[in-house]
Amino acid sequence: MLDLKFIRENTNLVKQAVQNKREKVDIDKLIALDSQRRELLQKVEKLKQERNTASQAIAKQKKEGKSADADIANMQQVSNEIKNLDNQVKEVESAAEEVQQWIPNMPHPSTPVGVGEQDNVEVKKWGRLPEMDFQPKPHWELAENLGIIDFARGAKVSGAFFVNYVGLGAKLERSLINFMLDLHVEKHGYTEVFPPFLVNRTTMFATGQLPKLEEDMYHTQVDDLFLIPTAEVPVTNLHRDENLEERDLPIKYTAYTPCFRREAGSYGKDTRGLVRIHQFDKVEMVKFVKPGTSYDELETLLAEAEDVLQLLELPYRVIELCTADLSFAAAKCYDIEVWAAGAQKWLEVSSCSTFETFQARRANIRYRNESTGKLEFVHTLNGSGLALPRTVIAILENYQTDEGTVMVPEVLRRYFGRDVIK
RNA sequence: GGAGAGGUGGCCGAGCGGCUGAAGGCACAGGUUUGCUAAACCUGCGUAGGGGCAACUCUACCGAGGGUUCGAAUCCCUCCCUCUCCGCCA
């Protein structure tokens, strides 16, 4: 959510940002509603002042044993007017909020302006692409041959794009989760949390999934709860409606959770294997930081996510998203794409973003600025570190041998207990 | 699911129609005293939204939303949450 005052004072900037993000919101309507609101407020507040004064006078009169009937009758009128105006204010306010909640965050000035994927900027490449003297297989073939992923039974149990990991496949998943969590806790200084996987509407709104992405989420109707599409949601909301202490910042959490996404409308794309599935595992990092530090924190966050791939010795590149590709709530975002040798493709395994105060304002997460004594919104950031399925793809495809077996990355062996999947 | 109790400022906690934005305490900040620390004393200390160049001023907020009333933290209704007990179940 953007600050209404900011929108009022920077209307053209906001309009430009909406356009750059390729969203559609009627900012002029919001401005009109806002000035209407203030007009009504002035009227009704004046009446309330009158009422307060009169009420005191009535109290005094009664105490002195005098009749206050005339004043009371008079105030009945005023009270009705107030009720009337209050209702109008409420209507105008909710109309304004309805518009406001559809306004995306402002992209950071450093974000390249663009109209689509093609305008994203590659900022870094790491590692050497594996060279193989045989035809590398796609991961689904490897996984099925090795008996570590059962696509058919996953589909039987739940439907297309649900998978069942078996034996060493299941263990690989667990090993990766443990490796990543340990790394972020021990080396990067994060606190591990294990949050709820079902969250309420308020929570979904606070991080910006609602209202825009309602169709993308699994929803339990009876209780009006949503399955989380990412740990970002419950973890960021841990501090919703809280005032944090400056000395406690930055607060850094890492969490493993499964993620549930309906992927509505994306069928026909990446239909094979693990590339796009409805339930996947992810280790996430979330930070609450002081406003001035958020862009440095973003760089650190990115480096910490990269660290996972470097330790796994998987080649990757870092992409800076252009305005058109930025998510609704993000101000700046880097994607990390890992190389998959079988598919000969770069696959997104991480997205590291700063939201500035956008989520904090929706979620009402503030901190006391010690030098000013004022409460200010924190900046929130999050990044995947990493999403598991595509990491698994990269491991299977990049570490495969001509015999169809898969070498286990060095760093994973103490978790996995063996050095080859065969 | 059933029965009770309760949700007040950063925290604890009083208030149960007007004198309460809210006693008192703790915490915090500034000051006085002090060899240092501590203690004691004094002062200050909520948030949001309007209006004003500003000093300042108005309005709202006691879990949320409605209602009664000239006036609601206080009375009524609905909902949410927490705790205790019972039942059921991992």
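Just so you know, these numbers come straight off a predicted model, no measurement behind them. Computed from heavy atoms alone, side chains included, the values below leave out hydrogens, waters and symmetry copies. Chain letters run A, B, ... following the sequence lines, proteins first and then strands; every chain starts at 1.
Closest to the side chain of A:Gln42, from the set B:G66, B:U68, B:G51, is B:G51. Here the side chain of A:Met75 is nearest to one of B:A60, B:G49, B:C70, namely B:C70. The side chain of A:Gln49 lies closest to B:C58, out of B:G50, B:A60, B:C58. In the set B:U59, B:G50, B:G71, B:G71 carries the atom at the smallest distance from any side-chain atom of A:Ser79. Closest contact between the side chain of A:Lys48 and the listed nucleotides B:U59, B:U68, B:A48 involves B:U59. The nucleotide whose nearest atom lies closest to any side-chain atom of A:Leu375 is, among B:G10, B:C70, B:U47, B:U47. Of the candidates B:G50, B:G66, B:U59, the closest approach to any side-chain atom of A:Lys90 belongs to B:G66.
The nucleotide B:U82 finds its pairing partner in B:A5, both defining distances of the Watson-Crick or G-U wobble pair being shorter than 3.5 Å. Across all strands shown, B:G65 pairs with B:C77; the Watson-Crick or G-U wobble distances both stay below 3.5 Å. The partner of B:G10 is B:C26, judged by Watson-Crick or G-U wobble contacts that both fall below 3.5 Å. The partner of B:A40 is B:U32, by the rule that a Watson-Crick or G-U pair needs both atom distances under 3.5 Å. With a 3.5 Å ceiling on both atom-pair distances, the Watson-Crick or G-U wobble partner of B:A48 is B:U59. With a cut-off of 3.5 Å on both Watson-Crick or G-U wobble distances, the partner of B:G71 is given as none. With a cut-off of 3.5 Å on both Watson-Crick or G-U wobble distances, the partner of B:C53 is given as none. Judged by Watson-Crick or G-U wobble contacts below 3.5 Å, the nucleotide B:C16 has no partner.
Residues A:Thr111 and A:Cys322 share a closest heavy-atom pair of CG2-C, 3.9 Å.
Rounding to whole angstrom units, CG of residue A:Leu225 and P of B:C80 are separated by 12 Å. The CG-P distance, from A:Asn52 to B:C58, rounds to 10 Å in whole Å. Look at NZ on A:Lys83: it is 13 Å from C1' on B:G71, rounded to the nearest Å. Across the protein-nucleic acid pair, A:Gln36 atom CD and B:G49 atom P stand 20 Å apart, rounded to whole Å. Residue A:Arg240 contributes atom CZ, which lies 13 Å from atom C1' of B:A64 at whole-angstrom precision. A:Asp3 has its CG atom 17 Å from the P atom of B:U47, to the nearest Å. In this structure, the OH atom of A:Tyr367 is 17 Å from the C1' atom of B:G10, given to the nearest Å. Across the protein-nucleic acid pair, A:Arg38 atom CZ and B:A48 atom P stand 18 Å apart, rounded to whole Å.
Distances shorter than 4.0 Å separate some side-chain N or O of A:Arg368 from OP1 or OP2 on B:U47. For the OP1/OP2 pair of B:G18 and a distance below 4.0 Å, the side-chain nitrogens and oxygens of A:Arg51 include no atom meeting the criterion. Within the 4.0 Å cut-off from OP1 or OP2 of B:G50, at least one side-chain nitrogen or oxygen of A:Arg8 is found.
B:U68 and B:C80 have their P atoms separated by 23 Å, with the value rounded to a whole Å. Distance check on atom C1': B:C42 versus B:U33 gives 11 Å, rounded to whole Å. Straight-line distance between the P atoms of B:U82 and B:G44: roughly 39 Å, to the nearest whole Å. With P as the reference atom, B:A23 and B:A14 are 14 Å apart, rounded to whole Å. When the P atom is compared between B:A72 and B:C79, the two are found 24 Å apart, to the nearest whole Å. Distance noted for atom C1' between B:C86 and B:G15: 34 Å (whole Å). If you take atom P in B:A64 and the same atom in B:G25, they sit 27 Å apart, rounded to whole Å. Rounded to whole Å, the C1' atom of B:C11 lies 31 Å from the corresponding atom of B:G66.
Taking the centre of each ring, A:Phe328 and A:Phe358 come in below the 6.0 Å mark. Within the 6.0 Å centre-distance limit, the rings of A:His239 and A:Tyr253 are counted as a close aromatic pair.
Within the 3.5 Å criterion, the main-chain N or O of A:Ile365 finds no donor-acceptor partner in the side chain of A:Arg240. The backbone N or O of A:Glu297 sits less than 3.5 Å from a side-chain atom of A:Lys287, completing a donor-acceptor pair.
Under a cutoff of 6.0 Å and an axis angle of 45°, A:Arg276 and A:Phe161 do not form a cation-pi pair. Both the sub-6.0 Å distance and the 45° axial angle are satisfied by A:Lys252 relative to the ring of A:Tyr190.
Within the 4.0 angstrom heavy-atom criterion, no nucleotide atom of any strand lies near A:Lys60.
Residues A:Leu198 and A:Thr220 are in side-chain contact: their nearest non-hydrogen atoms beyond the backbone lie under 4.5 Å apart.
Each of A:Lys46 and A:Ala59 was assigned the nucleotide of RNA chain B with the nearest heavy atom; the assignment lying further toward the 5' end belongs to A:Ala59. Annotation: of the two residues near RNA chain B, A:Ala54 and A:Leu41, the 5′-most nearest-nucleotide partner is A:Leu41.
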